[in-house]
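We use all heavy atoms of the structure for the numbers below, so side chains are in, but hydrogens, waters and symmetry mates are not. Below, chain A is the first sequence line, B the second, and so on; all start at residue 1.
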Amino acid sequence: MRDNLTVAAGTLLDVQKLRAEFPILQTTVYGKPLVYLDNAATTQKPQRVIDAITGYYSEYNSNVHRGVHYLSQKATAAHEESRHKVAAFINAPHVHEVIFTRGTTDGINIIASSFGRKFLKEGDSILISAIEHHSNIVPWQMICEDRGANLKVIPVNNKGELIMDSLDDLLDETVKLVAVTYVSNTLGTVNPVKEIIERAHQKSIPVLVDAAQAVQHIQLDVQELDADFVVFSGHKMYGPTGIGVLYGKEAWLNELPPYQGGGDMIKSVSFKKTTYNELPLKFEAGTPSIAETIALGVAVDYLQEIGIANIQETEHQLYAYAVDALKTIDGLRFIGEAKNRAASISFLINDIHPFDLGEILDKQGIAVRTGHHCTEPIMQHFNIPGTVRASIAFYNTQEEIDQLVAGIKRAVTMLS
Amino acid sequence: MRDNLTVAAGTLLDVQKLRAEFPILQTTVYGKPLVYLDNAATTQKPQRVIDAITGYYSEYNSNVHRGVHYLSQKATAAHEESRHKVAAFINAPHVHEVIFTRGTTDGINIIASSFGRKFLKEGDSILISAIEHHSNIVPWQMICEDRGANLKVIPVNNKGELIMDSLDDLLDETVKLVAVTYVSNTLGTVNPVKEIIERAHQKSIPVLVDAAQAVQHIQLDVQELDADFVVFSGHKMYGPTGIGVLYGKEAWLNELPPYQGGGDMIKSVSFKKTTYNELPLKFEAGTPSIAETIALGVAVDYLQEIGIANIQETEHQLYAYAVDALKTIDGLRFIGEAKNRAASISFLINDIHPFDLGEILDKQGIAVRTGHHCTEPIMQHFNIPGTVRASIAFYNTQEEIDQLVAGIKRAVTMLS
Amino acid sequence: MTIQERQDQIIEDFEMFDEWMDKYEYIIQLGKDLPQIEEQYKTADNIIKGCQSKVWLHADYLDGKLFFTADSDAVITKGLVSMVVQVLSGHTPKEIADANIYFIEKIGLQNHLSPTRSNGLLAMLKQIKMYAVAYQSQALNK
Amino acid sequence: MTIQERQDQIIEDFEMFDEWMDKYEYIIQLGKDLPQIEEQYKTADNIIKGCQSKVWLHADYLDGKLFFTADSDAVITKGLVSMVVQVLSGHTPKEIADANIYFIEKIGLQNHLSPTRSNGLLAMLKQIKMYAVAYQSQALNK
Ligand SMILES: Cc1ncc(COP(=O)(O)O)c(C=O)c1O
Ligand SMILES: Cc1ncc(COP(=O)(O)O)c(C=O)c1O
C-alpha cells in the first residue's frame, strides 16, 4: 500500500512497551478496555507531552519575548526551542520558516487570505482535489468568492485516487496556487504530492500541502518535496490541542502580507505608521500558545526518538492486517481502495447506517468515527451519506483489530 | 481609585490560603522566593486548572462535535459546558454568543476583518483610544488601509485619562465602530466604557470592549454594559494559554460574514455551494482548543468560587498600598495617575533605564515587566522609551510590595 | 392508554434489561413497529434537523387527534422515533402540547445516547409539540 | 594587549566575584570607562538593532587599526558594550575579523543575561566584525 513512497527501512516497534506511556490507553469504557481507532480525528498523548504542560504551568509559566525576568526568559527559550525542533523534524532550511498556528485549519486560512489578497484577481483560479478536507476547501471558496476567482478540482477515480492525467489540462495559466492533501483523512489515499509539486513548479505555480494526516505517519522533508507551504496540527501528532504549524518558504512568507495584527507581529507602532516584524513573528500576532508549543516540541522529540521510519513500517503492517481482517466480514465494502494508503480505512456494510454501527461499536468500547469526516464532496462522489472509519496509530495492535472485527460482526447481527 | 465603578461590596480574601494552590508561587528564582508582579502579561495557574488539562489528556482526550463514541461525547460535553460557564460568568444572554478564540488578539482580528469587510467603506472610520494595546490598534489599521477608511483616536490627558469631552466631536457620522480597552495594561486606567457605549449607541455605533485586563479584576456584565463585542484572553484570567473569548451580540454575529473556513463552521459543503453553520460554530473553524476550553471553564469556576467582588476589593487595597509604598522612593514618578485605576502600575525613576531596573529586580527574584508593553503610542505621548510596570493579582501580598520597594531602592543605588 | 401510562410502560419494559445489548435490541425492535410514513411525505420539509441520521415525521389530524407516522435511515434512530411516536400519537393537540415527557430521563436514555442522538431526540419532541401547538391554535381559531 | 589577553583578563576579573551584585557592579563600572562616542555619530545609522535599550557604535580607522567609541541609554548595556569594545578596539581589521570571542561564554554571561541582552550582545559583536570585514576588503582593494 505504498508502492511509490520512498520509505526508509524501518523496524517494527515494540508496541506493548510504547502503549504503557499513554495513560488513556490503560482506561476502560463501559467497563471494557478502550480500543481507540479514531486516531485521524486526534491522537492520544504520551505521558511526557502531558508532563511538559504540567511542568510549564507549575514551574515557569510566563509570557514570552518581551520579558527581562527569569521566568519569561525560560519560557521564551523553551518556546523558541520548539520552533527549532519542528524545523529539524520537517527539515526546514530556516527556523524562521516555521510559523506556529492554531492548527491545520488556521494555517490554510492564513495562506488563503494572505496569498489570496495579494495575488488573486478576477478570473484566476485555485486548484484543489476532490478528496480534500473541508478545511482545505472552504477557505479557498471564501477567498475565491471575495476575489472573483474560481475553484478548480482535480477529479478522483472510484478507488479514491486522483486522476493525474487531468493535471496538465487543469494547470492552466489561470491557476495561481495548488492546495492538496498529502494523505486523505477519509479514504487513506496517499497522494503523489511530490509529482504534483514538480508539475506545478514546471509552470511556476506554488503548492500548499495539507499534511494533517501525513506528518505523524510518513517522513516529511519539505526540501525533498520542495513544497512551498506545508500545514499540520499538533493534536494529530501526539501533541496538544490548540497548536499547529505552517511551514512556508522564506521567499513566499516575506512576500505575503501579514494575516492578523497585534502584539509581537510588529516592529514599531504609531498611529501614523506601523512597521511589521520579521519572520516568523510577522505571522504570529498576540500571546502565543506557549504551553502548547513547548508540548508540541516534546511530541516531536518523542517522534524522533521512536523514529518515523519505524512508525511507518509498524503502521504499514497493521494497516495491511486490518484490511485483510475486515475483508472477512460479509457485505463489507471499502470506500477508498487506492494503491497507496495510510492510517484511515473507511467502509460500509450492506445498508447499515454508519451511525448505528458506530454506536454499537462504541458500546463495546471500540471508538471509530462515522459520518462524512468533514469531506462531504467525496461522499457526494461516492453517493453515500457517510462511512465508518477506523484510523490507526502505531500504538494500535492486531488484537485491537480483531476486537474491531468481532465487534462489527456482533453489531451487524443486531442491526440486520 | 475606583470612584465611578459600581462595586459590589466584596470582602478581603485569605490570600495566604489561596496562594497555596498556585505551584509556581511556591518556587524560587536564583535561590530567592519568586515575587511575581507581571500579572498583566499573564497570570499564574491554580492547581485545579493544571489538573483539568492533565485530566483531559489522561482520561478523555478526543476530538469533539462529530463523534458517536464515548470519549468524544465526554469531551464534547465538557467543551460545551465551558461555554455555558463563560456565558454565565459575563452574563451573556445566549450561550451561543460566546465564541472561543485563541485570545484577545484573535478576537479583535475576527471582528476587525468580518465587520470591516461587511461595513467599512472608503471615508468611514474606526474610533479607538490613545491608550490601546497594539492588538487593539494594528488590526484596525490593517482593515482601514484595506478599505480606505480612517483610524481616529480618543486623546488622553497627562494623567492617562481619556478626554471624554472630545467624544461628541469624534463620534461623527463616519464612525462605524468604537474599539476601546476597559483597563489599560500600561497605565492601569479604568476607562468609563459604560459611558462610551451609551454615547456611541446614541448614534447607533457599535462598541467593542477589550476586556483583556478587566475580566480578571472587575465584575463584567455584558448586558449591564450593553457592549456589542467583548474580547478577553484565558491566560490572563488564571486559565491556559491558547484560548480566549469573543462575546458578540447575537444580532451582530449573525450579520457578520464568517472569518475562517473549515471543519465545524459549515453546515454543508459542496464544490458548488457551501452553507455556513449557526452560532457559535460559524466562527469556530477547525478542531477547537479542547483542553484549553475545558481548563478555561475550570478557571471561571475558580473565579466564581472566590468571587470577583472579593478579588476586586482585595486588589484595590493592595493597589493603594503599592502606590503609597512606591511614593517613598526618591525620584520615582508614576506614568499614569488616572482617578480610576486597577492592577497595573507604571513608573520611572530619575533617568534610570527601565531595562536596567528590571534586570536588577529580576536578580532579586522580583518579576516585573519593562518596555513599551505593546502600547507604543502612549509611550510616544509621554515621550518615554518605556516604563517599569508592576502588575498585581489577588494572590500578591503586602510583603511582596515591600520587597519590590526594597529591591528598587537597592537597584537605584547600583544604577545611579 | 394516556401519555403518562405509555411512558410508564416503556419505563417498566426497560427495567427488565440489565444489559445495554438487550436495551438496544428492544429499541431496534420498537423501530420495526413504527407506523410507516408514506413515501410522498418523505420531503425535505418533513426532515427533522439536528440528527446525524435522517428522520422524516408526518402528522395527520383525525377526529380531533394527532397521528404521527415517521421513518429514519438508521435503525436505532427509528427505534427512538418509534418510542416518541408511541407515547404521543393518537392524542389531542392540547394533551400533546401539555404533556410532561419524563420517560427519556427515567430510562436513563440521555446518559446512553451520544449528544448528537440526544439533540436529535429533543429536536423530534420539539417538532411534535410544535405540530400540536399549531393544530391547537387552529382549533381555537375556528 | 592582544584580543586574547584582554579576554583572559576579563575572565580573571570575573572569577573574583561570587555575588551577582558584584558582577553587575563591575559591569556598570566598566560602562563608565567606555570611550564616549561623539554626539554627531549618535545617528539612526549607528544604532545597533536587536537591543531593548539603544546602543550607538562608531568606528574610526587609524594607522591600520580600528578604534571604537560607543554609548547606550542603559548603564548595564553600556557596561557590556564597554567589555566588547575593550576586547576588540585598537586591533587591525584582520585581527578583529579572525578573533575568536570566548569570554562571554567563559564568564557565564549568557546564562545571566536575558535573551534580549544576549541577542543585543551578539548583534554588537556582529556589527563590529562587519566593520572589520568592510575595512579589510577596503584595504585589500587598495
Ligand atoms: C489591553 C490588552 N489588550 C490585548 C492584549 C492581547 O492579548 P493576547 O496577547 O492574549 O492576545 C493584551 C495583553 O497583552 C492587553 O493587555
Ligand atoms: C486532511 C485534513 N486536513 C485538515 C484537517 C483540519 O485539522 P484541524 O481541525 O486540526 O485544524 C484535518 C483534521 O480533521 C484533516 O484530516
Any residue meeting side-chain hydrogen bond (donor to acceptor under 3.5 Å, both in side chains) with A:Lys282, in chain and number order, not counting sequence neighbours: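 Once residues adjacent in sequence are excluded, A:Lys282 has no partner under the side-chain hydrogen bond (donor to acceptor under 3.5 Å, both in side chains) criterion.
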Please look at [X] and chain A and tell me whether the side chain, the backbone, both or neither of the residue comes under 4.5 angstrom of a heavy atom of that chain.
| X | result |
| --- | --- |
| B:Asn61 | both |
| B:Ile128 | side chain |
| B:Tyr259 | both |
| B:Gln260 | both |
| B:Gln141 | side chain |
| B:Met265 | side chain |

Exercise: do B:Thr241 and A:Tyr57 side chains pair donor with acceptor under 3.5 Å: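 Checked: B:Thr241/A:Tyr57 side chains pair up, N/O donor to acceptor below 3.5 Å.
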Beyond-backbone contact of B:Lys272 with A:Leu151, side-chain heavy atoms, under 4.5 angstrom: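 Of all side-chain heavy-atom pairs linking A:Leu151 with B:Lys272, none is under 4.5 Å.
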Non-hydrogen side-chain atoms of B:Val68 and A:Phe355 separated by less than 4.5 Å: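 Yes - at least one pair of side-chain heavy atoms lies under 4.5 Å apart.
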Under the side-chain contact (heavy atoms from CB on, under 4.5 Å) test, residues paired with A:Gln26 that sit two or more places apart: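 With neighbours one apart ignored, the set is empty.
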Interatomic spacing from OG1 in B:Thr274 to CD1 in A:Ile137 - rounded to 0.5 Å: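 If we round to the nearest 0.5 Å, B:Thr274:OG1 and A:Ile137:CD1 are 7.5 Å apart.
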Top contributor to chain A interface from B:Thr287, B:Asp51, B:Val49, B:Thr43 [non-hydrogen pairs under 4.5 Å]: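 Ranked by heavy-atom pairs under 4.5 Å with chain A, first place is B:Thr287.
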Least distance between heavy atoms, B:Pro288 atom then A:Arg102 atom: CA-NH1, 4.1 Å
